[in-house]
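Whatever order the structure lists ligands and atoms in, that order sets their numbers, starting from 1.
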Amino acid sequence: MPGEIDDHGVAAFSKRTRQREAVLSSLADHPGFVSAQTLHARLRQAGIRIGLTTVYRTLHALSEAGLLDVIRQTRTPGHLFAARPTTEHQHYLVCRRCRRSVTITSRAVEQWATQLGHQHHFTDVDHIIELSGICHHCTPTPRHGPARA
Ligand SMILES: [Zn+2]
Ligand SMILES: [Zn+2]
């Protein structure tokens, strides 16, 4: 019969949907990038019963769907995830200590990438540029600390 779904299918589907929503809302509630492990701990703390493998699988599915931004960690293995605020193309400058992130856009970079593509007769050229460093919150300033009003 068309449109008929067995009970098991419905249960599996709604469980997946709930997990996706839990992951997405946790990411949206906490700005900045997190690892799968940190997110898993956060979800468990919020009383959501979810396994680490499921967190990984959900994060992968969500990033495939274009709902997340994913960056590689430069000094430790693994990836970091954040909810994508817009569908606009942008880059991140991420603090390696606290994972605070700043979105950056650079017309020079975009033009360079497009030009290079043309030059080599490539179409639909995409690029991933990630910048990481230590933010001013994480840099000790012995003498010229920020003035506190
Ligand atoms: Zn920092
Ligand atoms: Zn770009």
Indicate, with yes or no, if Leu62 and Ile48 share a hydrophobic cluster defined by side-chain heavy-atom contacts under 4.5 Å among Ile, Leu, Val, Met, Phe, Trp and Tyr.
-> yes
For the hydrophobic clusters of this structure (ILVMFWY residues joined by side-chain heavy atoms under 4.5 Å, transitively), does one cluster hold both Ile50 and Leu24?
-> yes
Out of the N/O/S atoms in His91, what is the name of the one closest to the Zn ion (ligand 2)?
-> NE2
Ile71 reachable from Tyr56 in the ILVMFWY side-chain graph, under 4.5 Å edges = no
Metal check, the Zn ion (ligand 1) vs Cys98 N/O/S, cut-off below 2.8 Å | yes
Going through the distances and angles, do His91 and His127 end up as a side chain to side chain donor-acceptor pair (under 3.5 Å)?
-> CA-CA 10 Å; His91 299 286; His127 62 264; 3.1 Å; yes
How wide is the angle at the Zn ion (ligand 1) between SG in Cys135 and SG in Cys138, to the nearest 10°?
-> 110°
To the nearest 10 degrees, how large is the angle at the Zn ion (ligand 2) between His127 NE2 and Glu110 OE2?
-> 120°
